[in-house]
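I have placed the structure first, in the form of structure tokens, so that the comments after it can refer back to it.
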Amino acid sequence: MLASGDFEMMLPLFRFYQDRLASFRTIANEYMDAEGAVIPETSSIFGLYRPGDYGWDRTGRQKGDIRNMYVRHAWNGSLELVSMMLDYYDYTGDTAFVRTRLVPVATEVLRYFDTKFPKDTDGTIRITPTQALETYWYDMVNDLPCVAGLHAVLPRLLALPHGTAALPEQARWNRMQRQLPPMPVEIRDGQKRFAPAEQYDPKKNNTEVPELYGVFPFDLCNFTTPDAQIGIDTYNARTERGFYGWRQDGQMAALLGLTEQAAECLAHKTENSHPNHRFPAYWGPNFDWTPDQNHGGNLLTTLQTMVLQSHGNSVYLLPAFPKRWNVRFRLHTRGRGIAEGSYRNGKWETEPALKGASGYTLKSAPGFERAREIE
């Protein structure tokens, strides 16, 4: 929705969660013995856990003992929400949104992480109990999705316009940033790779790739960063792979500059139509339901990320796009910009341009002829 400029279509999502902050605070206070807010992965319209996930039968269970192990200690979703809200601001420049929606939600989310989890002797946050998405549940410390989420959102919150956040919260965010654990890594087959957590039981209970959440959705590692090779090695070594449903392999490959892998994912995604539905875009059957909006959203995100990416103050053209393919695009960028161009038969048919986006520079990705840089 951001790249296509459908900003207003994201607002109902943000309103839904902000309007239920009272319920999320109650969960944190009453169930988790912490301040701030907990946003359940599977929340009802009332902002509470779905009754079946919380557990209808409470026999032998304490208050706050979540029955559904897949979501029991899943904390990263709230950081993903804050990250999306920050993206919305980066694309729209809406400072009123920052004051009235982003900061109130971020304040509660970060307060939970600060008050729920203990500190090591050196003051480092130790995130436990936790889990790495729905896949790793046991003996978990500092799962990568939460660690990556904190590393991703804290500096962006601290860079918000002066006066949009209260000084005590800014001080909390500054302190938390200094207390963050490093991104979990491990050595496998002689390679340094990102790990699902700093400590974890390797038994799998689902088929996600939490070790790559620093690539997507949190964009800490990409083809422009010093640790790009770690991300590439982690991606190539992943044991859970797929081209359908909620799987994010395509945009992860594109962010790492893996052009052929991203193209393969995209090609498979376009073929995933349900034979019993009239409309091809009713994707599936995949994991949960048809029409599968997860699949359609991933398909669009993969293609957009192959065509255009923003990292730092640079907007990169065709960072993971096969030279043999043709494309005409008009996509929104951070900084309220619009990038457009036409690439055909191995060359720019019309010279690419970036309109707006003050402070951003338009660049060709490595391997493509350099576009004219526009400040």
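Numbers here simply count residues along the sequence, with the first being 1.
- Here CG of N294 is found 12.5 Å from CG of L299. Values are rounded to the nearest 0.5 Å.
- Using cut-offs of 30° and 60° on the angle between ring planes, the pair F7 and Y91 is tilted.
- The closest side-chain heavy-atom distance from L318 to V327 is below 4.5 Å.
- Atom CZ of R188 is surrounded by 12 or fewer heavy atoms from other residues, nucleotides or ligands within 6.0 Å.
- A donor atom on one side chain and an acceptor atom on the other are not found under 3.5 Å apart for D143 and N76.
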- Task: Please assess T115 against E35 for the test side chain to side chain donor-acceptor pair (under 3.5 Å), listing each intermediate value before the final yes or no.
- Result: CA-CA 6 Å; T115 60; E35 300 176 21; 5.2 Å; no
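- By the 4.5 Å heavy-atom criterion applied to side chains, D94 and Y88 are counted as neighbours.
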- Item | Derivation of the side chain to side chain contact (heavy atoms under 4.5 Å, CB included) call for T361 and L354 | CA-CA 8 Å; T361 299; L354 177 63; over 6 Å; no
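- A donor-acceptor contact shorter than 3.5 Å links the side chain of S23 to the backbone of F46.
- Taking hydrophobic clusters as Ile, Leu, Val, Met, Phe, Trp and Tyr residues chained together by side-chain heavy-atom distances below 4.5 Å, L303 does not share a cluster with W246.
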- Go through R25 and E108 one step at a time and tell me if the salt bridge (charged side-chain N to carboxylate O under 4.0 Å, His left out) criterion holds. CA-CA 8 Å; R25 280 193 292 264; E108 300 295 345; 3.3 Å; yes
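- Using a 4.5 Å heavy-atom cutoff, the side chains of N142 and T128 are not in contact.
- Considering only heavy atoms from C-beta on, L81 stays 4.5 Å or farther from S78 through its side chain.
- Using modelled atom types, one side-chain atom of Y54 and one backbone atom of G64 make a donor-acceptor pair closer than 3.5 Å.
- In the hydrophobic clustering of this structure, L150 groups with M32; members are Ile, Leu, Val, Met, Phe, Trp, Tyr whose side-chain heavy atoms approach within less than 4.5 Å, directly or through other members.
- Checking side-chain atoms of D227 against main-chain N and O of I230 turns up no donor-acceptor pair under 3.5 Å.
- Residue pairs satisfying the ring-ring contact (aromatic ring centres under 6.0 Å, His included) criterion with at least one member in residues 137-160, sequence neighbours excluded, are listed as follows: Y70-W137.
- Counting heavy-atom neighbours within 6.0 Å of E271 CD, excluding the residue itself, gives a total above 12.
- Atom CZ of F14 has more than 12 neighbouring heavy atoms from other residues, nucleotides or ligands inside a 6.0 Å radius.
- Using modelled atom types, one finds no donor on one side chain facing an acceptor on the other under 3.5 Å when comparing K119 with T124.
- At a cut-off of 3.5 Å, with distance as the only test, no side-chain donor of E240 or T207 sits close to an acceptor on the other residue.
- Put simply, the side chain of T290 does not reach to within 4.5 Å of the side chain of W283, judged on heavy atoms.
- Side chains of Y200 and E186: a donor-acceptor N/O pair is present below 3.5 angstrom, by distance only.
- Looking only at atom types and distance, the side chain of N174 has no donor-acceptor partner in the side chain of Q170 under 3.5 Å away.
- Within a 6.0 Å radius of CZ in R67, no more than 12 heavy atoms belonging to other residues, nucleotides or ligands are found.
- A cation-pi arrangement is not found for R101 relative to F97, the charged atom failing to lie both closer than 6.0 Å to the ring centre and inside a 45° cone about the ring normal.
- T164 places a side-chain N or O within donor-acceptor distance of the main-chain N or O of P161, the cut-off being under 3.5 Å.
- The closest side-chain heavy-atom distance from F329 to L317 is below 4.5 Å.
- Using bins of under 30°, 30° to 60° and over 60° for the plane-to-plane angle, the ring pair H311/F223 lands in the perpendicular bin.
- Few gaps surround CD1 on I187; more than 12 heavy atoms of other groups in view lie less than 6.0 Å from it.
- When atom types are taken as modelled, the side chain of E169 and the backbone of A165 share no donor-acceptor pair closer than 3.5 angstrom.
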- Query: Between D6 and S4, is a side chain to side chain donor-acceptor pair (under 3.5 Å) present by the stated rule, with each step listed?
  - Reply: CA-CA 6 Å; D6 295 318; S4 61; 2.9 Å; yes
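- Both L11 and I45 sit in one connected hydrophobic cluster of ILVMFWY residues. Membership requires side-chain heavy atoms under 4.5 Å apart, directly or through other members.
- Listed for the R58 side chain is a donor-acceptor partner under 3.5 Å among the backbone atoms of D65.
- Between F24 and Y112, the distance from one ring center to the other does not fall under 6.0 angstrom.
- By the 6.0 Å and 45° rule, R324 does not stack over the aromatic ring of F321.
- Of the inter-residue distances, the one linking Q293 atom CD with N298 atom CG reads 10.0 Å to the nearest 0.5 angstrom.
- Figure legend: cation-pi geometry between R111 and F113 absent, as NZ or CZ is not positioned both under 6.0 Å from the six-membered ring centre and within 45° of its axis.
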- Task: With side chain to side chain contact (heavy atoms under 4.5 Å, CB included) as the test, would you mind laying out the steps for R241 and D249 before giving the verdict?
- Result: CA-CA 7 Å; R241 306 168 179 236; D249 302 50; 4.0 Å; yes
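- A cation-pi contact, defined as under 6.0 Å to the ring centre and within 45° of the axis, links R20 to F16.
- Other residues, nucleotides and ligands contribute at most 12 non-hydrogen atoms within 6.0 Å of the CG atom of D33.
- Between the CG atom of N206 and the OH atom of Y136 there is a distance of 11.0 Å, given to the nearest 0.5 Å.
- Between T135 and E208, the side chains place a donor N or O and an acceptor N or O closer than 3.5 Å (distance only, hydrogens not considered).
- S358 and R336 are not linked by any side-chain donor-acceptor pair at a separation below 3.5 angstrom, with hydrogens and angles left out of the test.
- Under the 3.5 Å distance criterion, with hydrogens and angles disregarded, no donor-acceptor pair is assigned to the side chains of K323 and T259.
- Between V147 and I127 there is a side-chain heavy-atom pair separated by less than 4.5 Å.
- Annotation: side chain of R238 is not in contact with side chain of T234 (no heavy-atom distance under 4.5 Å).
- Using a distance-only test at 3.5 Å, with no hydrogens or angles considered, no donor-acceptor pair links the side chain of R334 to the main chain of V315.
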- Message: Using side chain to side chain contact (heavy atoms under 4.5 Å, CB included), reason through E80 and F218 one step at a time and then give a plain yes or no.
- Response: CA-CA 8 Å; E80 293 176 36; F218 292 120; 3.6 Å; yes
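- Side-chain atoms of D139 and Q199 form no donor-acceptor pair, as typed in the model, at a separation below 3.5 Å.
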- Query: Going through the checks in order, is the salt bridge (charged side-chain N to carboxylate O under 4.0 Å, His left out) test met by E340 and R328?
  - Reply: CA-CA 8 Å; E340 52 188 333; R328 185 175 68 248; over 6 Å; no
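- Between the side chain of R72 and the backbone N or O of I66, at least one donor-acceptor pair lies under 3.5 Å.
- In this structure, CZ in R172 is found 7.5 Å from CE in M176, a value given to the nearest 0.5 Å.
- S310 places no side-chain N or O within 3.5 Å of a backbone atom of T333 that could act as its donor or acceptor partner.
- Atom CZ of R61 is surrounded by more than 12 heavy atoms from other residues, nucleotides or ligands within 6.0 Å.
- Formation of a donor-acceptor pair under 3.5 Å by the W75 side chain with backbone atoms of P129 is found in this model.
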